[in-house]
Amino acid sequence: MKEYDIEVRISPRQGLLDPQGKAIHSALHSLEFDEVESVRVGRLLRLKLLADSTEGARAAADDMCRKLLANPVTEDYEIAIGAGA
Amino acid sequence: MKEYDIEVRISPRQGLLDPQGKAIHSALHSLEFDEVESVRVGRLLRLKLLADSTEGARAAADDMCRKLLANPVTEDYEIAIGAGA
Amino acid sequence: MNAAIITFPGSNCDYDCYKAITDVLGRSARFVWHRETGLGETDLVILPGGFSYGDYLRAGAIARFSPIMDAVQRFAADGGIVLGICNGFQVLCEAGMLPGALIRNESLKFLGRTVHVRVENADTAFSNAYETGQVLEMHIAHGDGNYVADEDTLDMLESTGRVVFRYVTGSGLVTAAANPNGSMRSIAGIINEGGNVLGLMPHPERSVEALLGSADGLGVFASLDAHLSGEAVQATAGER
Amino acid sequence: MSAGHNEVLVEGPSPRPGDPEVTTELVADHGLSVDEYERILDILGRTPTYTELGVFSALWSEHCGYKNSKPLLRQLPTEAPWVLQGPGENAGVIDIGDGFAVAFKIESHNHPSAVEPYQGAATGVGGILRDVFTMGARPIAVLDSLRFGPLSKPRVRYLFAGVVKGIGDYGNCVGVPNIGGEVRFEDAYEGNPLVNAMAIGLMRKEDLIRGTASGPGNPIIAVGARTGRDGIHGATFASEELSEENEAKRPQVQVGDPFTEKLLLEASLELIRSGHIVGIQDMGAAGLASSSTEMAARAGTGVDIDTALMPVREAGMTPYEILLSESQERMLVVAKRGREHEVQRILEKWELEAAVIGQVTDDGLYRVRENGTVVCEIPGEELVGGCPTYIRDAVEAPAVVALRAWLPDTSHTSHARSDAGKVLLRLLGSPNIASRRWVYNQYDSTVRTNTVAGPGGDAGVLRIRGTRRGIAATTDCNGRYVYLNPRRGAMIAMAEAARNLVCVGARPRAVTDNLNFGNPLRPEIYYQMRESVLGMADACRVFDTPVVGGNVSLYNESPMGAVYPTPVVGMVGVLDDVSMAIGSAFGEEGDAIVLLGTNTDELGGSEYLKVLHDLVAGDAPAVDLAAERALQEAMLDMVAAGLLRSAHDCSDGGLAVCLAESAMGERESAGITVLLDDAVEPAALLFGEAQGRIVVSCAPSAVAGVLEVAARRAVPARAIGTVGARSATARFVLRSPGASIDLGIGEMADAYRTAIPRAMDRPAAGGLTGE
Ligand SMILES: Nc1ncnc2c1ncn2[C@@H]1O[C@H](COP(=O)(O)OP(=O)(O)O)[C@@H](O)[C@H]1O
Ligand SMILES: [Mg+2]
């Protein structure tokens with residue numbers, strides 16, 4: 001068993017309205033960051049978990065995303081794995 | 001001017017309590033994901049912005065984080081840059 | 001007393017503050033739209049509750065950049081009285097006018113109910129109508145009222161009498177169960193070093209009429225009225 | 001249709017490049033029957049374009065066209081001297097006196113909530129708020145009526161948590177207090193939860209405005225959020241059963257933005273007061289298509305709009321998509337010609353986008369262009385009024401007839417004799433009876449500082465500033481009763497709602513109803529609909545409470561079957577002096593407890609049978625509408641005379657539960673001692689759900705007055721006990737010939753208050769809601 005650092009990136013489905021992103025975008029503009037073209041807001045989950053292999057860790061994380069972490073109807077997710085600290 | 005994809009990862013300050021992370025952690029355990037040792041929940045912002053160089057893009061993003069995107073009292077942030085699609 | 005109530009897009013307690021001051025207390029108040037750059041003739045600025053900019057990103061994070069906020073900062077710097085209620089408290093913290101921050105309630109749930117708070121310092125412009133130690137019943141209605149700050153800041157606030165309201169049981173005891181949102185040291189309201197800027201999560205403007213359940217919050221506005229009309233001894237925190 | 005029209009239409013729009021060809025399959029996919037399509041050909045005198053087909057299918061869907069319910073709805077009384085606006089508008093409006101009026105309506109978001117509970121419920125609240133403020137009224141209250149499967153199911157907990165959070169987050173952010181509602185848990189709702197939201201708005205009578213597009217030449221302005229591909233064909237979707245097949249067809253989830261809604265609310269009210277506009281309407285179900293056609297139909301005008309002028313969120317949207325999109329937080333405004341700039345200025349202040357997309361015409365045609373080219377041209381009144389309506393076969397299900405005939409035997413009643421206290425504790429801990437604090441503590445119920453009584457009592461009460469008046473509101477429906485006996489069950493829903501109102505001292509004034517049923521093409525379902533509507537109509541007449549608006553939600557079925565027939569009654573009442581309002585918690589030690597109404601032997605459909613024997617059987621309790629009306633009048637007299645300290649309606653769980661709820665109160669509990677002498681089977685006496693009963697409490701000196709008023713109104717009444725001390729050790733003592741209860745009030749309060757929180761502490765599979 002080894003400890004893995006998992007990073008789960010969850011973002012709103014393409015085409016779905018992202019009111020928060022919209023609000024942040026216009027806030028950045030009123031702060032004169034005119035170079036910003038778009039903002040999408042998602043969630044970032046950092047997990048530490050024990051697994052015997054990178055594959056095992058990924059499989060577990062994927063399972064968690066489907067069961068709990070991500071909303072299957074409104075969100076997409078990506079999983080990134082690094083070795084534990 | 002070139003378009004950059006910026007990813008801003010904002011997470012709760014180390015040591016600061018993270019109610020969401022705590023809740024997700026215990027939810028994962030009751031779903032029998034006992035291998036999970038810790039969960040931290042943060043925010044993931046994906047920006048598209050125009051800049052003339054990677055440095056320029058990073059500097060701009062950093063400025064936005066300090067001004068608006070992250071709260072220095074409770075949050076840390078990292079910036080990752082990829083070339084735009 | 002002539003209050004300027006700031007209306008941000010998404011503020012929804014501005015009207016309640018207005019009514020508490022005009023109808024119940026019989027003093028004057030007016031609304032100031034967040035796009036204005038001046039406050040006009042006023043001796044009290046209120047940042048009301050609500051969801052400025054939808055609380056998107058972080059509660060109060062976007063509102064603090066509204067044009068009017070420069071004027072509010074200047075007003076406060078000159079010793080002007082500023083009261084931030086709920087979302088207003090969050091704006092004050094985001095703007096650095098008060099220390100610490102308000103994060104998601106420990107329960108992760110929005111909480112709309114009555115709580116008891118104890119007056120920890122009755123020697124301020126905002127609380128002189130109460131007795132120190134007095135227990136008040138007020139409404140809370142927030143999802144991000146969990147006050148956090150580092151230990152040094154917390155100790156400093158405590159030792160200088162800058163914790164003005166604290167969540168307690170009906171009989172005035174500080175307990176985990178009486179703390180609705182997980183706030184460190186059960187802090188419900190704090191004041192700045194100059195004693196002229198106060199932020200609190202409970203809604204005094206909702207507890208000003210017996211018909212609506214409690215009049216305990218009226219004291220906050222009465223205190224300010226007394227303070228501003230010079231009837232109360234001018235007090236700055238830290239003197240105690 | 002005039003020849004003139006025919007000429008215009010015959011050489012109608014030519015097919016739009018890239019649009020699919022209109023085939024019989026495509027017609028079927030749009031949920032239109034062969035006959036309905038024949039009608040369309042007739043109306044147009046030609047084949048419709050793809051865009052026209054989409055518009056017809058949306059406006060002729062159940063959701064917009066009411067094709068299976070219109071004939072039934074005509075049975076409902078809709079008039080009274082105080083009714084300012086009946087059904088047909090965005091919301092009904094009644095006069096409450098002193099120059100004020102309230103607009104209110106209830107709306108379902110069942111299907112969207114089944115797919116995505118958080119957004120589904122949130123956008124449901126958003127839609128109903130817009131219906132109210134587009135009448136010129138400022139929303140002052142929300143109520144929510146919810147139905148789910150059993151909490152033992154993880155998916156149900158996920159839906160329940162998500163729906164409650166969605167309703168809370170949206171209403172809290174906009175700043176409208178939630179003052180009441182219902183939640184019920186029954187197996188029948190597992191596959192298809194019900195999420196009905198009701199909104200109430202306050203206005204000065206003169207500010208009433210309607211959703212009309214009058215005045216040819218007046219500009220039509222789209223306001224608010226940009227249009228995306230969300231929820232295309234949501235209206236048609238809401239008119240079909242949830243099934244594997246239509247998973248695919250499922251419209252993209254609509255995401256709510258309460259912040260934009262709050263800006264829309266303020267801007268709309270400012271626009272209406274400004275006098276620069278003639279009409280305003282929410283772009284709700286079937287989006288731009290239905291809002292623009294309905295506004296024109298109401299005014300008897302036509303419209304000419306260009307979809308290319310519509311602000312969009314995504315590139316390359318077709319007219320079909322733009323017309324049918326259900327993107328939220330959008331409104332359609334018809335301004336006075338020449339006032340465009342004034343309108344723009346107000347919208348800019350509120351940081352809202354707006355675009356003139358067309359104008360009102362006088363040819364009665366619904367004309368849509370894309371960059372000038374006509375893609376749709378339909379006689380407007382045919383779209384709105386021409387939808388064929390149906391009267392379906394109605395046959396009661398034999399299984400239900402049998403269930404109704406069921407009668408309890410001693411095996412069903414013995415527990416009550418031997419162990420009434422344990423039974424009471426189990427009922428208090430049943431999710432259908434237990435405290436709903438877990439729900440309404442997530443709602444802001446006091447913003448706007450008018451809330452005299454929020455959730456937790458029999459009805460929510462609001463004061464009307466600047467007057468002595470108040471209004472009260474409640475929602476009620478026990479689907480179990482309606483299932484067992486549709487006509488009676490619907491009458492009971494009306495009777496309970498009215499009792500809830502008089503218990504706080506409000507005179508029932510009007511109703512908004514939400515008819516939630518299964519597939520109307522099935523005779524046993526149509527039978528439930530017909531009988532329910534007839535039952536409701538009878539009660540409306542006897543109570544003098546016309547229906548001023550409502551909503552129909554059909555096809556509430558899943559592979560697991562149809563939901564219980566659930567005609568939710570949202571009722572609004574008026575208090576002349578809001579300071580006289582009373583609550584349901586017992587008053588002071590020594591006060592007398594008086595029972596109004598009669599205890600009976602009925603046990604059918606009770607929570608007792610469900611909890612102890614897992615039975616939903618027997619007939620729904622009998623309901624005598626005249627007696628209910630007398631009870632209502634007696635209550636109003638007693639409150640007006642200031643005789644009472646508390647009143648609580650006797651409903652789920654019967655007399656014992658009613659007494660327990662009043663004893664436990666919202667805060668510190670009081671003990672009581674009650675003696676009953678009825679010669680009635682104990683199970684029915686303590687836990688039966690006989691109608692027409694209210695438990696009141698009053699000072700000992702007031703008992704005579706209470707009994708005298710009751711006698712004058714011919715309402716049976718008798719003192720049955722006294723209120724004890726408020727303390728942790730207080731006891732709840734109830735004695736009757738066949739059974740007795742003696743419990744510590746603390747133990748009862750614990751069972752009552754912890755049941756739902758404990759159930760919800762378990763994890764909910766299916767994702768994190770609204771995080
Ligand atoms: N979904 C809900 N939202 C707000 N309040 C609710 C909800 N469900 C129940 N309540 C409140 O909880 C209390 C108990 O509900 P219920 O047993 O249905 O009351 P009643 O039997 O008097 O209709 C009522 O005050 C009701 O308004
Ligand atoms: Mg009710």
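Everything quoted here is computed from the prediction, not taken from an experiment.
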Should the pair [X]-[Y] be classified as a salt bridge under the 4.0 Å nitrogen-to-oxygen rule?
X	Y	result
D/Arg463	C/Glu209	yes
D/Arg469	D/Asp577	no
D/Glu351	C/Arg35	yes
D/Arg138	D/Glu266	yes
C/Asp43	C/Arg27	no

Enter the distance from [X]:[atom1] to [Y]:[atom2] here, rounded to the nearest 0.5 Å.
X	Y	atom1	atom2	answer
D/Ser268	D/Ile346	OG	CD1	10.5 Å
D/Glu348	D/Glu353	CD	CD	11.0 Å
C/Tyr147	C/Asn181	OH	CG	12.5 Å
D/Asn441	C/Ile140	CG	CD1	8.5 Å
D/Asn178	D/Thr446	CG	OG1	11.0 Å
D/Phe100	D/Thr467	CZ	OG1	6.5 Å

Between [X] and chain C, which part of the residue has a heavy atom less than 4.5 Å away: side chain, backbone, both or neither?
X	value
D/Thr449	both
D/Val461	neither
D/Arg465	side chain
D/Asp257	both

So what's closer than 4.5 Å to chain D heavy atoms on [X]: side chain, backbone, both or neither?
X	value
C/Asn87	neither
C/Thr114	side chain
C/Ser11	backbone

I need the residue from D/Val578, D/Val452, D/Leu263 with the largest number of non-hydrogen atom pairs under 4.5 Å to chain C.
D/Val452
Mind ranking C/Arg113, C/Glu137, C/His142 by heavy-atom pairs under 4.5 Å with chain D and telling me who comes out on top?
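Among the listed options, the one with the most contacts to chain D is C/Glu137.
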Looking only at C/Ser52, C/Ala20, C/Gly54, the option with the highest number of non-hydrogen pairs under 4.5 Å against chain D is C/Gly54
Ordered numerically, the heavy-atom neighbours of chain D under 4.5 Å found in residues 55-65 of chain C are C/Tyr56
Which residues from residues 165-177 of chain C are near chain D, with near meaning under 4.5 Å between non-hydrogen atoms?
none
Test of ring centre spacing under 6.0 Å for C/Phe51 and D/Phe259:
no
Got a sec: does the CD of C/Glu131 have more than 12 other heavy atoms crowding it under 6.0 Å?
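It does not: C/Glu131 CD has 12 such atoms or fewer within range.
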How close do C/Gly38 and C/Ala71 get, heavy atom to heavy atom, and via which atoms?
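Looks like CA-CB, 4.4 Å.
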